Number of protein chains: 2
Amino acid sequence: MDTKFKAINDPTRREILQFLVNGPQNAGQIASQFDMSKPSISHHLDLLKQAKLIQADKKGQFIEYKLDKTGFEVIHAWFKTFSTYFEFPKPKIRIEI
Amino acid sequence: MDTKFKAINDPTRREILQFLVNGPQNAGQIASQFDMSKPSISHHLDLLKQAKLIQADKKGQFIEYKLDKTGFEVIHAWFKTFSTYFEFPKPKIRIEI
DNA sequence: TAGATAATTAAGCGAATGTCTAAATTAAAA
DNA sequence: TTTTAATTTAGACATTCGCTTAATTATCTA
């Protein structure tokens, strides 16, 4: 729990997550998006992985990262308490008979 | 944005938010829930207020705090990208004709 | 096998964070 | 008005965080 909130606390890590919405990317491709050393990005990826917000897949000498549902579900569950409290608008549906 | 994620990063602050689901409480009532000095809690309340996750209402010599929809909506919007990506289950409905 | 490439691990450092005690502010009560 | 109570502000200090460079591990290719 703590790990997940810590993971999304950092702006770079949130950007990494956003970037991965485009689909799986290897560490080098991710690092190239940021004006930051590769070891730093590697560290961020490690924290995101620990939080189960991303998954790592070794493909030869590359490591491919993608979003992991597991961690997001936990955050979602936490947030539910408050969205219920405020009754956030549900998606609208159309019914045809 | 940054302020909001920082706010929910701390476990004590998340507990304060949970506690306020029960309804508005003044600073002393909140502080009494935690094994921590009042100034520390006061500081946490300040950060939550800056993040617009809570609102402060002065009532005489007391200050009443309650959850603030504003900040939660912003977090909700951020999260939407990912819940869409994973297609989290929508609430089920029953239709009778 | 030797060299190059992808990525991580290690070590070090300044900045930010969370906590405390003490002091200050504000409002109620005696 | 003096005192008490609720709360915040200020200052200090240890811990955590994010970054960098240097070294290490693992894999591919010539």
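Note that the coordinates shown come from a computational prediction; the quantities given were computed from them, not determined experimentally. Letters A, B, ... mirror the listed sequences (proteins, then strands); counts begin at 1.
- For B:Met36, the listed nucleotide lying nearest its side chain is C:dT19; candidates were C:dT19, C:dT8, D:dT7.
- Between B:His76 and A:Phe86, the closest side-chain pair of non-hydrogen atoms is not below 4.5 Å.
- Side-chain contact between A:Asn9 and B:Lys6 is present, with heavy atoms from C-beta onward closer than 4.5 Å.
- For B:Asn26, counting side-chain heavy atoms from C-beta on, the closest listed nucleotide (C:dC20, C:dT8, D:dT7) is D:dT7.
- With C:dA7, C:dT19, D:dT20 as the candidates, the nucleotide lying closest to the side chain of A:Ser37 is D:dT20.
- A:Asp10 comes within 4.0 angstrom of the backbone, heavy atoms only, and of no base.
- Separating the CD atom of A:Gln29 from the C1' atom of C:dA6 is a distance of 12 Å, rounded to the nearest angstrom.
- Here the side chain of B:Ile63 is nearest to one of D:dT7, D:dA22, D:dG18, namely D:dT7.
- B:Asn9 comes within 4.0 angstrom of no nucleic acid atom, judged by non-hydrogen atoms across all strands.
- Regarding A:Ile41, its CD1 atom lies at a distance of 16 Å from the C1' atom of C:dT9, rounded to whole Å.
- Protein atom NZ of A:Lys6 is 18 Å distant from nucleotide atom P of C:dA16, rounded to whole Å.
- Closest to the side chain of A:Lys58, from the set D:dT21, D:dT8, D:dT27, is D:dT27.
- Between the side chain of A:Gln33 and the backbone N or O of A:Ile30 there is no donor-acceptor pair closer than 3.5 Å.
- Scanning atom types as modelled, no donor and acceptor separated by under 3.5 angstrom connect the side chain of B:Gln61 and the base of C:dT26.
- Under the 3.5 Å distance criterion, the side-chain polar atoms of A:Arg13 are left unmatched by any main-chain donor or acceptor of A:Leu45.
- When heavy atoms are screened at a 4.0 angstrom cut-off, A:Phe34 is found touching no nucleic acid atom at all.
- Within 4.0 Å (heavy atoms only), B:His43 reaches at least one base atom of the nucleic acid.
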